[in-house]
Amino acid sequence: MTDEIPRPSDFIREIITEDQKTGKYEKRVHTRFPPEPNGYLHMGHAKSICLNFGIAQEFSGRCNLRFDDTNPEKEEQEYVNSIIDSVTWLGFDFGPEPFYASDYFDFMHRAAEYLISAGNAYVDSQSADEMRESRGTLTAPGKNSPFRDRSAEENLRLFREMREGRHADGAMVLRAKIDMASPNINMRDPAIYRIKRAEHHRTGDKWCIYPMYTYAHPIEDALENITHSICTLEFEDQRPFYDWLLERLAEGGLFRRPLPQQIEFARLNLSYTVLSKRKLIQLVNEGYVKGWDDPRMPTISGIRRRGYTPESIRNFCERIGVAKRDSMVDLGLLEFCIREDLNKRASRIMAVLRPLKVVLTNYPEEQEEVLDAINNPEDAAAGTRKVPFSRVLYIEQGDFREDPPKQFFRLAPGREVRLRYAYFITCEKVVRHEKTGEVIELHCSYDPATRGGDAPDNRKVKATLHWVSARHAVRAEVRLYDTLFTKAEPGEESGDFRADINPGSVEVLDSCFVEPSIANAGPGSRYQFERMGYFCVDKDSAGDKPVFNRTVTLKDTWAKIEKAKK
RNA sequence: UGGGGCGUCGACAAACGGCAAGUCAGGAGUUUUUGGAGCUCCCAUUUGGAGGUUCGAAUCCUCCCGCCCCAGCCA
């Protein structure tokens, strides 16, 4: 072992390491995660949370959770609560209280007045349409507003009137006075305050003017002494304004240098899903899912209900890296992360999802046995448990084939297989439904000498099946989830992501049977159903009927072989 | 066609002028009382393209091509 300092793992940590070296911020590192409370957090936010809080931890700094609540029309307390819940669940500590942009409204207002007095902002009485027209286009410069040269006194008076509610919504806005001919459209006198008579979830009706994100965000950062303000790529063009504003305010003595710096990285895209609040809210409102925490949603609350662990998500965020290149991460990587985690931690259990009745014809009618089963072969400390066995069992329908294809190793007429932790059984007879001809029951014989699953004569079988004793099993509902979309990039072809919604994204199985040992497991408990996948207890569980969500399947080589044959 | 970014394996992503890491996916084998897990091996003679500089280029220069973002009183 050497105590060599590892190379920073991404360009942002590289910048910070450099700043530490030069003492730019006196070795201080302070980041922030600034969601707008207008929706639930999703995996894209998880990436940002892990980045911001992760950096703070690594550099012995701090990270603020800050609600960017500058647009009361879209924001709600419910979202604030869910965001706090998600950040906490992910395992990050934001201190005793979160921060709110709305707590800075007074300061922002004063700063705006300062800007006006310094000749750096003016009240524009043009309509929104007029402003759009005079802004110019991507290739043509904009034109100055006829109101651009109002005196500071008049601007101050008008701005006060705006605040006092003497003007209608939209009648005028406060604009930064920069350069209407700038090649960067964001520098063409951006609006920084608008009139909006809306009840704010925290400030109520105190204000009828609200700051724009562009203006508010740099101030929030500076007020909180943020050193590195990390955001996504689409804000890159905004950086000149971020710096312009803070410089002007520093000149006026409202802030001290060094000022925070904005750094942009590429947002997360995940295949077979959508990560945009607009689309997610649409899925909820239009009823494509059953709420923000529907286990098919890529929201943190959804994925949590699905059975993912915070550790697996943090690990995922570490593996995907941070860069500036637009990318599409393979859903398979997320699945790998949760399998990897649950493989080490989840107790194994036997559960039959699609039951096929098996009668052991040579097993005494009234006999019962209790067999020992290993809870987790990856973790000896997890111990063992008792599993009841009897004459009538259920096995998985998919584990029997009357006419087994080439590589099918499981049960078939005349074939012997092992029942996990129990006995070798041989299929003697197939019972069919008299009308449909469907296989409804199997008559098998068991070999008493193979108790526990080993044959004294060293006889081998090619398959081991999971099973459940009919008499002892607990009936359960199991919800099998698949991707919400059928295309890796929903909407890529049609332009409407809803066109690619997967009609089979959930399958509810209501006559499943699970081992009695987990009948009373509490919501959130995670298990591996042997050979089937990882499952967790859903909050919909009722006392007499547990409900399980399938978190993810196990890797399934046989399924792959079958799929390849088609 | 203004401005700002970005192009390295199927997907992520290192490499900071010295001879293309790692991970997921995929493939082969081994092992196995989960067709799980584990273990072993394979998987970019080449970095969007073309020139140039250099003993040496993914890294520097020039030109070209492609993709993303910006014309909200959203964030």
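Atoms considered below: every heavy atom in the structure, side chains included; atoms not considered: hydrogens, waters and symmetry mates. Note on naming: letters A, B, ... go to the chains in the order of the sequence lines (proteins, then strands), and numbering restarts at 1 for each one. Treat the numbers as computed from the prediction; the structure is a model and nothing was measured.
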Once base and sugar-phosphate atoms are separated, protein heavy atoms under 4.0 Å mark nucleotides 69-75 of chain B, 5' to 3', with B, S and - as BBBSBSB

Expected string for nucleotides 20-25 of chain B under the B/S/- scheme (protein heavy atoms, under 4.0 Å, primed atoms plus P, OP1, OP2 as sugar-phosphate) is ---SS-

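By the side chain to side chain contact (heavy atoms under 4.5 Å, CB included) test, A/A222 pairs with A/L246, A/F255, A/P260, sequence neighbours left out. Residues passing the salt bridge (Lys or Arg N to Asp or Glu O under 4.0 Å) test with A/R163: none are found, sequence neighbours excluded. Take A/A140 and apply the side chain to side chain contact (heavy atoms under 4.5 Å, CB included) test, not counting sequence neighbours, and it matches A/T137. A/Y213 pairs by the ring pair (Phe, Tyr, Trp, His ring centres under 6.0 Å) definition with A/H217, A/F235, not counting sequence neighbours. Every residue was checked against the salt bridge (Lys or Arg N to Asp or Glu O under 4.0 Å) condition with A/D454, not counting sequence neighbours, and none meets it. Scored by the salt bridge (Lys or Arg N to Asp or Glu O under 4.0 Å) test, A/R550 finds no partners at all (sequence neighbours excluded). For A/R13, the salt bridge (Lys or Arg N to Asp or Glu O under 4.0 Å) partners at least two apart in sequence or on another chain are A/D10, A/E58.
Residue-level contact check: A/Q528 touches the bases, meaning some heavy atom is under 4.0 Å from a base atom. Using a 4.0 Å heavy-atom distance criterion, A/V322 is classed as a sugar-phosphate-only contact. Among the heavy atoms of the strands lying under 4.0 Å from A/F408 is at least one base atom, whether or not backbone atoms are also near.
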Atom pairs, protein N/O to nucleotides 6-9 of chain B N/O, distance under 3.5 Å:
from	atom 1	to	atom 2	distance (Å)
B/U8	OP2	A/R325	NE	3.4
B/U8	OP2	A/R325	NH1	3.0
B/U8	O4	A/R325	NH2	3.4

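Nucleotides B/A28 and B/A37 have their P atoms positioned 15 Å apart, rounded to a whole Å. B/G48 and B/G29 have their C1' atoms separated by 37 Å, with the value rounded to a whole Å. B/G17 and B/U23 have their C1' atoms separated by 27 Å, given to the nearest Å. Annotation: B/U45 and B/C60 have their P atoms spaced 23 Å apart (nearest Å). Rounded to whole Å, the separation between the P atoms of B/G26 and B/U31 comes to 22 Å.
Legend: salt bridge (Lys or Arg N to Asp or Glu O under 4.0 Å) pairs involving residues 369-379 of chain A, not counting sequence neighbours, sorted by first then second residue: A/E369-A/R451, A/D372-A/K386.
In summary, of the residues considered (A/H45, A/K277, A/E78), a side-chain hydrogen bond (donor to acceptor under 3.5 Å, both in side chains) with A/Y40 occurs for A/E78 alone. Each of A/L268, A/L275, A/I313 was checked for a side chain to side chain contact (heavy atoms under 4.5 Å, CB included) with A/K47, and the lone residue meeting it is A/L268.
Here the P atom of nucleotide B/U34 and the CG atom of A/L371 are 16 Å apart, to the nearest Å.
No side-chain donor-acceptor contact under 3.5 Å links A/Q528 and A/E530. In the model, A/T450 has no side-chain atom that pairs as donor or acceptor with a side-chain atom of A/R418 under 3.5 Å.
In RNA chain B, runs of at least 3 consecutive Watson-Crick or G-U pairs, each pair with both distances below 3.5 Å, span B:2-7 with B:65-70, B:10-12 with B:22-24, B:26-30 with B:38-42, B:48-52 with B:60-64.
Close to B/G36, at under 4.0 Å from its OP1 or OP2, lies a side-chain N or O of A/T557.
The base of B/G35 lies outside donor-acceptor range of the side chain of A/R531, with no N or O pair under 3.5 Å.
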